[in-house]
S.K.: 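Sharing a structure below in C-alpha cells format, with a few things to ask.
Chain letters run A, B, ... following the sequence lines, proteins first, then strands; residues in each count from 1. All values derive from a computational prediction rather than experimental measurement.
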Amino acid sequence: MENGIAVQIEDVSFRYDKENVLENVSLMVPKGAFLGLVGPNGSGKSTLLKCVLGLLKPNSGRIFLFGEPIESFREWHRIGFVSQKANSFNRSFPATVEEVAASGLAAKRGLFRQLTKEDRRAVEAALAAVGLSGLAKRNIAELSGGQQQRVFIARALASKPDLLILDEPTVGVDARHVHEFYELLGDLNRRGLTLILVTHDIGTITDQVTDIACLNKRLYFHGNAEEFAQLDDEAISQFYGHPLRVLSHEH
Amino acid sequence: MWEAIWHYEFLRNAFVAGILTGFAAPLLGVFIVVRRLSLIADALSHVTLAGIAAGLLLGSLAPAAASWNPLYIGMGFSVVGSLLVEKLRAVYRHYEELAIPIILSSGIGLSVIFISIANGFTTDLFSYLFGSVSAVSRADVWTAVVVAAAAAIVILAFYKELFLLSFDEEYARVSGIRTTLIHFLFIVLVALVIAASMRIVGVLLISSLMTLPVAASIRIAKSFKQAMGLSILFGELAVIAGLWAAYELDWAPGGTIVIVAVVILLFALGWKRGRQR
C-alpha cells in the first residue's frame with residue numbers, strides 16, 4: 001500500500017561471486033527527499049541502485065517502491081533514471097533531442113500508440129524544465145556534454161516520474177556545467193520531485209541535498225545534510241577507508 | 001523494361017519481390033546498423049544457404065520432397081541460426097561478435113557438405129547465391145509479401161521499444177520494457193527477411209541491402225525517423241534502378257542492385273562532404 005515513502009530498503013545484501021558488495025543495508029527515502037548516496041569507488045553504490053531499479057536481485061533483504069514490493073512493482077514509468085553510462089552513447093546515432101527525450105515515454109505508452117498531443121506537451125515541458133526548449137530538433141551529438149546530460153534528465157522527466165535516480169550523472173560533464181547541473185536538480189526537488197543522487201564526490205552535493213547516506217558495503221551514516229556537516233573528518237575517513245577532508249565547493 | 005514487365009510474369013514477380021525487399025531490408029537494417037550488428041545479416045544468409053542446400057538435396061533424394069520450395073527450409077534454418085546467434089552472444093558476453101563467425105562458418109560448412117552430397121552445384125543453387133530474376137516464382141512473391149507485411153507491423157508496433165533498445169539498452173530495461181522478447185522477435189524477423197530476399201539479391205549480397213542504404217542515410221539524416229525514411233528510399237532506388245540496369249545491360253540483378261546502392265552511398269558521402277565545406 002502506498003505511503004509517504006518512495007523507497008524502502010530492508011536489510012539488503014548482495015554478492016558478486018563470493019565477494020560481498022552490500023551487507024545488510026537498510027535505508028528509507030521519504031517522498032520529496034533529495035538523497036545524496038555517497039561512498040568511495042567500489043563501495044556498492046551502483047549495485048544498490050541496480051537492486052532498487054530491479055536490474056539486480058539481492059541475495060537477501062527486501063525492497064519496496066512506493067509501498068509495493070519490488071517483485072510485484074509494475075509502475076516503472078514513475079521512476080526516472082539517469083545512468084553514468086548515459087553520456088557514453090553512440091555519438092553517430094541519428095536521433096534528435098526530441099526523439100531521445102520522447103523515448104522516456106516508451107514504457108508508459110501501449111503497443112501501436114504514437115505520440116499523443118499530451119505526450120508531446122510532456123516532452124516539451126521536460127525539455128523546458130532542463131532549459132533545452134530551443135534545441136528539440138537538433139541532433140543530440142551536436143550538443144555539449146552538459147547539454148546531453150540534460151537531455152537524459154529530460155528523457156527521465158518526460159514520463160512525469162515521482163522519483164528520479166541519478167548514478168554519477170556528472171561523469172564526462174565539464175566542471176563549469178557541474179554546478180549548474182546540481183542547481184537544476186535542487187530546483188526539481190523544490191518542485192516536489194524525489195531524487196536519489198549517487199556520487200563519490202561528497203563536497204559537490206552538500207549544498208543541494210536534504211539527506212545524505214554514506215555507503216561502503218554497509219551503511220555508515222544516514223541523516224540530513226546538517227547532521228552530516230557536524231560529522232568530524234575522522235568519522236568520514238572511517239567509512240572512506242582512508243584519511244579524508246570534506247571541502248564544500250565555493251561557487 | 002516496363003513494357004516487358006506487363007508481358008512476362010517472371011519479370012513482374014522479380015519486380016514486385018524486389019520492391020518488397022527494397023522496403024523490408026533497409027527498414028530492419030536501420031536498427032541492425034545502429035545496434036552495430038551489421039554482420040549478423042551475413043551470418044544468417046549463410047545459414048539460410050545451408051537450409052536451401054538441404055532443401056535441394058532433399059528434393060534430389062526424395063522425389064516427394066522435390067515440389068517443396070527450398071526457401072522455406074532456408075527460412076527454418078535462418079530462424080534457428082538467429083536463435084543460436086543470440087544464445088552465443090549471451091554465452092560470450094564480452095566477445096559478442098564471436099557469435100557471427102561461429103554461425104557464419106557453420107552455415108558455410110553445412111552448405112558445402114549438403115552440396116557435396118548432392119554431387120556439386122546446380123543451376124538452382126547458383127541462383128540462390130547471386131540472385132536471379134527468372135527464378136522468382138509466384139510463391140516467392142507471396143512469401144515476400146507476407147514477410148514484408150510482418151516486418152512493417154512489428155516495426156510499427158514496437159517502434160518506440162526498438163528505438164530505446166537501440167539507443168540505450170540499460171534504460172530500456174529500467175523502463176520495464178521486455179528487452180529479451182523484443183530482441184528475439186526482431187532477430188527472427190531479420191532471419192525471415194533475409195531468407196525471403198534471397199531470390200532477388202542472393203545469399204552473398206543480401207546483407208548489403210540491409211546496410212548500404214542505411215550507411216548512406218545516416219550520413220544525411222538529422223533524426224531517426226528521417227534515417228528510416230531515407231534508408232527505404234535508397235533501398236527502393238537501388239532495387240528499381242538495379243533491376244532496370246540489369247535488364248537493359250543483361251547483367252546479374254543482385255550484383256547490379258548492390259553496385260547501385262554503393263553509388264548512392266558515394267553520393268551521400270559526397271553530399272555530406274560538400275555540406276561541411
S.K.: Let me know if B:S166 has heavy atoms under 4.5 Å from chain A in its side chain, its backbone, both or neither.
M.R.: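 Contact with chain A involves both backbone and side-chain atoms of B:S166.
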S.K.: Is the side chain of A:E99 donor-acceptor paired with the backbone N or O of B:S223 at a distance under 3.5 Å, no angle test?
M.R.: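 No, the answer is negative, given that no donor and acceptor are paired below the 3.5 Å cut-off.
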S.K.: A:P94 and B:V34: which non-hydrogen atoms are nearest, and at how many Å?
M.R.: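 The answer is CD-CG1, 3.8 Å.
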S.K.: Which pair of heavy atoms, one from A:G80 and one from B:Y171, lies closest together, and at what distance?
M.R.: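 Closest heavy-atom pair between A:G80 and B:Y171: CA-OH, 4.4 Å.
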S.K.: Which atom names give the shortest non-hydrogen contact between A:R155 and B:D168, and what distance separates them?
M.R.: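 Residues A:R155 and B:D168, closest heavy atoms: NH2-OD2, 2.8 Å.
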S.K.: Does atom OH (A:Y16) have a neighbourhood of more than 12 heavy atoms from anything else shown, all under 6.0 Å?
M.R.: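 Yes, enclosed.
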S.K.: Which heavy atom in B:R173 sits nearest to a heavy atom in A:L55, and how many Å separate them?
M.R.: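 Reported closest heavy-atom pair: CB-CD2, 3.8 Å.
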S.K.: Measure up the A:F93 and B:F167 rings against each other and bin them: parallel (under 30°), tilted (30 to 60°), perpendicular (over 60°).
M.R.: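 Answer is perpendicular, since the angle exceeds 60°.
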S.K.: Does any heavy atom of chain B fall under 4.5 Å from the side chain of A:A141, the backbone, both, or neither of them?
M.R.: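 Nothing of A:A141, per the 4.5 Å heavy-atom cut-off to chain B.
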S.K.: Is any NZ, NE, NH1 or NH2 atom of the basic residue among A:E142 and B:K222 found under 4.0 Å from an Asp or Glu carboxylate oxygen of the other?
M.R.: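 Answer for the salt bridge query: yes.
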S.K.: Could you go step by step and tell me if A:S103 and B:F163 meet the side-chain contact (heavy atoms from CB on, under 4.5 Å) rule?
M.R.: CA-CA 7 Å; A:S103 70; B:F163 175 87; 3.7 Å; yes
S.K.: B:K160 vs A:L105, test: side-chain contact (heavy atoms from CB on, under 4.5 Å). Steps then yes/no.
M.R.: CA-CA 8 Å; B:K160 55 192 183 301; A:L105 291 164; over 6 Å; no
S.K.: If we define contacts as heavy-atom pairs under 4.5 Å, which of A:I79, A:V100, A:L53, A:I140 has the most with chain B?
M.R.: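 Winner by heavy-atom pair count: A:V100.
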S.K.: For B:R36 and A:N90, run side-chain contact (heavy atoms from CB on, under 4.5 Å): C-alpha distance rounded to whole Å, both residues' side-chain angles, the deciding distance at 0.1 Å, then the answer.
M.R.: CA-CA 10 Å; B:R36 298 184 169 132; A:N90 170 9; 3.3 Å; yes
S.K.: Write down the atom of A:A106, the atom of B:E161, and the distance for their closest heavy-atom approach.
M.R.: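 So the minimum-distance heavy-atom pair works out to O-OE2, 4.1 Å.
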S.K.: Answer yes or no: are there more than 12 heavy-atom neighbours, outside B:R93 itself, under 6.0 Å from its atom CZ?
M.R.: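 Not more than 12 within 6.0 Å, no.
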